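Given the structure is predicted, the values throughout are model-derived calculations rather than measurements.
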Amino acid sequence: MSQIERKYAEAGIPDRVGRPTGIETDAPDGGRMRLFEHGLILWHPMAGAHEVHGAIAAEYRLAGGPSGTLGYPTSDEMPIGGRRGGAYHDFMDGQVYWRSDLGAHAISGGIYEKFALQSWLAGPGYPTARALVGTDGSVRQSFERATLTWHIEDGAGLIPQRGPMTWFLRVLPVAFPDVPAPAGLSRELLVDYFFGTGIDLRMPGGGRVRESVSEFFARLSGGRVRLEGVVEEWFESDRECHQMAHWIDGGKWPEGDPGHAGEFAKAMSHAGIGDRASFRVGDRTPDGIYFLHTDMLASGGTTRTLEGIRSKLLEHRRGDLWRSGWDEFADLPFCSSSATRQQAQNIDPATSRFARRPRPEELEYAPQSTIRHELMHMVGPFPGDIYGIPWRFDSTWHEVMTTIIRSDGPVGTSSFARERLCFMAPTTAARRTHPALRLPELETNHSATRFPNGPQGDPEFLVLENRQRHDYAKSESPRLPNGIFAYAIDPRMREFVPTKGGAKRVAGRLIHRSDQWDSAFGTDGGGTRIAEERHAGRTTLNHAGEYWWSFTGMSVDPAGDAVVDAAYRADDLLARHAGASWSDHTGRLVIVDEPRPSGAVVLMSTNPVSTAMPGVRFRRALALQPPWVPDGAVKGVFEVRVPEHGGRLYLSGAFAEGASGSDGVQLSVAFAGPFDPMSARVPVELGHVHVSPDRPHGTLVVDLARYAGRRVKLSVRVDALASSGRDWFYLTEATVVPTARVFVDLLARLDEAQFRVGPDQRSITLGDASGHRGSVRRDAQMELQDGRTYAGPSLNLHPQWTSMGWVDAEWPVTFPTSYSVLRLLGGLHAARRVVDHGIELAVAFERNRESVMLLERARIRREPALGHRGRLRNPLLTTALAIPQHLRGTTGTLRISVNANGSSSQDWFQLVSARLTAA
């Protein structure tokens, strides 16, 4: 019985797909497929067997099936809960979403990656149409709350939906006998507090509020979001909150005590809410419920929907508090926060309860920022949490998000958070130097600038913002001078940082903030830790340690206008292709930008070019076509000044649309000697990559560290291989980017390293290829699962083929006396196809019997994906590990360990860069 037949035999599958209409057949990339009345079942060794049926199957066929933009399915159809329902299907290269009122629409490629960064359905919402490709290759797809855009040269973008999005809330205040509602916090005041316009309220404790919650969201969203609603009278609970259980730092609710879930249920009953009809307010159905209570140890909600309240009640056997009529809207969003704060620490961690009854003099009014923070879970909406993007510095949340601080003042929120909320979109800067770039104030202009921080098609970016600052340590929140805030985002989360619980991937890194920024938060903000901590993340270096941009001359004038000099550090070779020396394989000179019917061609396109990659077009590309003879070639020699501390060369190319029948070309780069017009030498190849109609795009990454600071000649060559004609190839990127200053290059010192494999603690030598017993090997170049080929010395580390297998590489190292970081760049071998637990990497330094762990349990796992989505799910491993101060200048052994992580075979980890650098 085949895998497809086994799948068809599963319960419920025949009802979904119907009877077979054909026999099982071969499918692309080693898969199998069979058609049925209402769908199809496909199998692939990396994805297993899955069914696709109904409207999603029809959309899948329109997308090209297994050979199209989606690839093979990696799941069966899965339902989506909620008031409007729906379903979705996972594929290797994207997803298909369906809803009865919208139909089925596929999301793939760069739009899919942007959709993921925007929090999936919780951000842009359901797709409302298929993706459209413009004449210039730009892709646009409409969603409920935004239009997402993508171009291979520009990356992804977002256009917020026009028109207001109104949220109608029902606010239920809850007070406890031991912590009554703050004096003066009446229902009438709360109506203005939540939904008023032009307010100026004096709050309990003496602070003033000049902006309602509704006005805050209107300002934050540029008028796109409006909050409306009603506030009920205070519900007086019969339970004292200091006797209730709380979730504090991992504490659990004791059995039989549902905590606040029980009091919220009582408040709904007290408000007369028994079913959907009684939940309505006039002719309007609320979009959410907000519980404002007085328990200062429960500052926010954790269940996010009424279904969460029901689950908590049932878990603690208090289902009697849940009304059956609430089942009709159990998926309704809700959030909660406390209207009070307690100054003194008053929690018993053993019981997750108050240690004692709160004293009245310890209580204070909780600021509006608490409510804003919690409502962002609902109104944004984020996917249940606004904490989904991990940051290198936890305390940056004060600047990135509206978080909980002392003041009612106008807390700012970053453009990144606003974009995830579909409120605004930053401007993307062109890849060129921008002297005296002006940054309008974010809060009043909804403006920020984004800089692409990697090669073509890489999603990492830097953001610069001109931000308002207020003294949030004071209740009146006086205005402070504006500050420039800069940070980096890598949606693929390739960088690992050490934490107490092991390594974690991070997406966000702080780059810069004005020196006085910490004063905005007083002693309560916690941000001073950043200003005092020197860290590798505080530079514009990207995850791979490359300098694409530098920012100097940052200043903010008294009027609040900000100016910065943004210098593009990369050398764009395509922009100066006409200055290179071009010839064919016979040495005959080739005239640039002159079409030739059968000879070598070097021609910069003036119109967007179509490629063999479905739907991908380049606005700028250099046609490099070898002569129409077997083994023909065309090459260009560029003068390149390699950056002072070294650099990387990115070469990318694509086959033209319609170039079928070719056996492909080889794109290579070679060192042609120092730049001396009189010198001539045989070029030394640095790396190559094969591109063909079957594999229409390739990227070669060449390390130029050996030529640091030198003026050299680099030869870029395209070879026709055995075929002739139809070798229509486009060079789409040729860029040299500076890298960080290198103190020690471990891969250049492989002969000094020692290697061991386990669990049998056996020493092996470099080049030992003993298969299942573990191996280490030096390679001249290697393709990783991110789709790039890395040229230059690399180290292949393969643990023993057991679940407990490992391999260690050790170097004698003397750390610099100055500040330095250990930068690693590596990933899984492109040929690795198994789906298992992957590998774990650790880094340690040993001296005088002291062992210091620099990184633990950095996990790289292979997911069932082949194409674009596979690269998203199989990101590189990069690190920037700051060498601790007490180790600077010391000598010892640096050990890099690769662990099989419970799986065996094909744990081929390739380390393509391992350096101690200056930043």
Side-chain angles (χ1 to χ4, degrees), residues 88 90-91 93-95 97 105-127 131 138-161 376-377 380-392 396-397 400-401 413-428 448-463 465 487-495 504-511 542-543 786 863 865 867-876 878:
Y88 74 99
D90 279 330
F91 294 86
D93 289 331
Q95 293 176 306
Y97 284 84
H105 301 295
I107 312 172
S108 62
I111 295 289
Y112 171 78
E113 185 167 358
K114 180 66 173 176
F115 179 63
L117 177 64
Q118 293 296 130
S119 305
W120 315 91
L121 288 182
Y126 280 85
S138 59
V139 184
R140 297 165 63 96
Q141 187 165 9
S142 297
F143 293 77
E144 290 180 289
R145 289 183 283 274
T147 296
L148 302 186
T149 64
W150 178 83
H151 191 278
I152 193 167
E153 296 174 12
D154 303 334
L158 176 143
I159 304 172
Q161 179 193 67
M376 282 192 180
H377 290 286
F382 284 110
D385 269 314
I386 55 179
Y387 315 111
I389 293 293
W391 281 77
R392 188 164 204 154
T396 55
W397 275 109
V400 177
M401 284 301 309
T413 302
S414 69
S415 62
F416 170 69
R418 296 189 196 192
E419 186 178 25
R420 289 190 78 209
L421 290 161
C422 298
F423 288 171
M424 67 164 286
T427 300
T428 299
T449 303
R450 172 178 297 171
F451 300 83
N453 200 31
Q456 190 180 82
D458 194 283
E460 184 171 342
F461 55 85
L462 301 166
V463 183
E465 299 170 352
Y487 52 93
I489 299 291
D490 177 18
R492 294 182 186 170
M493 296 190 294
R494 287 165 283 197
E495 183 177 351
K504 74 170 184 179
R505 292 188 182 273
V506 293
R509 293 181 291 110
L510 176 68
I511 302 300
N542 68 0
H543 73 278
D786 66 345
E863 297 283 351
H868 181 79
R869 194 176 185 210
R871 291 194 289 274
L872 303 188
R873 288 190 167 189
N874 300 281
L876 293 179
T878 66

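Here R450 pairs with E419 in a salt bridge; the nearest charged N to carboxylate O distance falls below 4.0 Å.
Proximity of P426 to F451: side-chain heavy atoms (C-beta onward) are nowhere separated by under 4.5 Å. Counting heavy atoms from C-beta on, the side chains of I159 and T149 come closer than 4.5 Å. Residues C422 and L158 meet the side-chain proximity criterion, which asks for heavy atoms closer than 4.5 Å. Side-chain contact check for V463 versus S414: every heavy-atom pair is 4.5 Å or farther apart. R494 is not listed as a side-chain neighbour of D786, based on a closest heavy-atom distance of 4.5 Å or more. A 4.5 Å side-chain heavy-atom check between I511 and L462 finds at least one atom pair inside the cut-off. Using a 4.5 Å cut-off on side-chain heavy atoms (C-beta onward), E113 and R492 make contact. I107 places a side-chain heavy atom less than 4.5 Å from the side chain of F143.
Aromatic ring centres of Y126 and W120 lie farther apart than the 6.0 Å criterion allows. Ring to ring, F115 and Y97 are close: their centroids are under 6.0 angstrom apart.
The two residues P491 and P459 have their closest heavy-atom pair at CD-O, 3.6 Å. Closest heavy-atom contact between A448 and S415: CB-OG, 3.5 Å. The two atoms that bring H151 and S138 nearest to each other are CD2-N, 3.3 Å, heavy atoms only. A pairwise comparison of heavy atoms in A507 and M493 identifies CB-CG, 3.5 Å as the closest pair. Nearest heavy atoms, H105 versus P127: CD2-O, 3.4 Å. Looking at every heavy atom in both residues, I152 comes nearest to Q456 through O-CG, 3.5 Å.
R145 contributes no side-chain N or O that, together with a main-chain N or O of F423, makes up a donor-acceptor pair within less than 3.5 Å. Looking only at distances, no side-chain donor or acceptor of E460 sits under 3.5 Å from a matching main-chain atom of A488. Distance alone, capped at 3.5 Å, places no donor-acceptor pair between the R420 side chain and the G123 backbone.
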Item to complete: Apply side-chain contact (heavy atoms from CB on, under 4.5 Å) to Y112 and L148, showing your working.
Response: CA-CA 9 Å; Y112 171 78; L148 302 186; over 6 Å; no
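The only option from H543, E495, R509, R505 that meets the side-chain contact (heavy atoms from CB on, under 4.5 Å) definition with D490 turns out to be H543.
Atoms CG and CZ, on L421 and F416 in that order, are 10.0 Å from each other to the nearest 0.5 Å.
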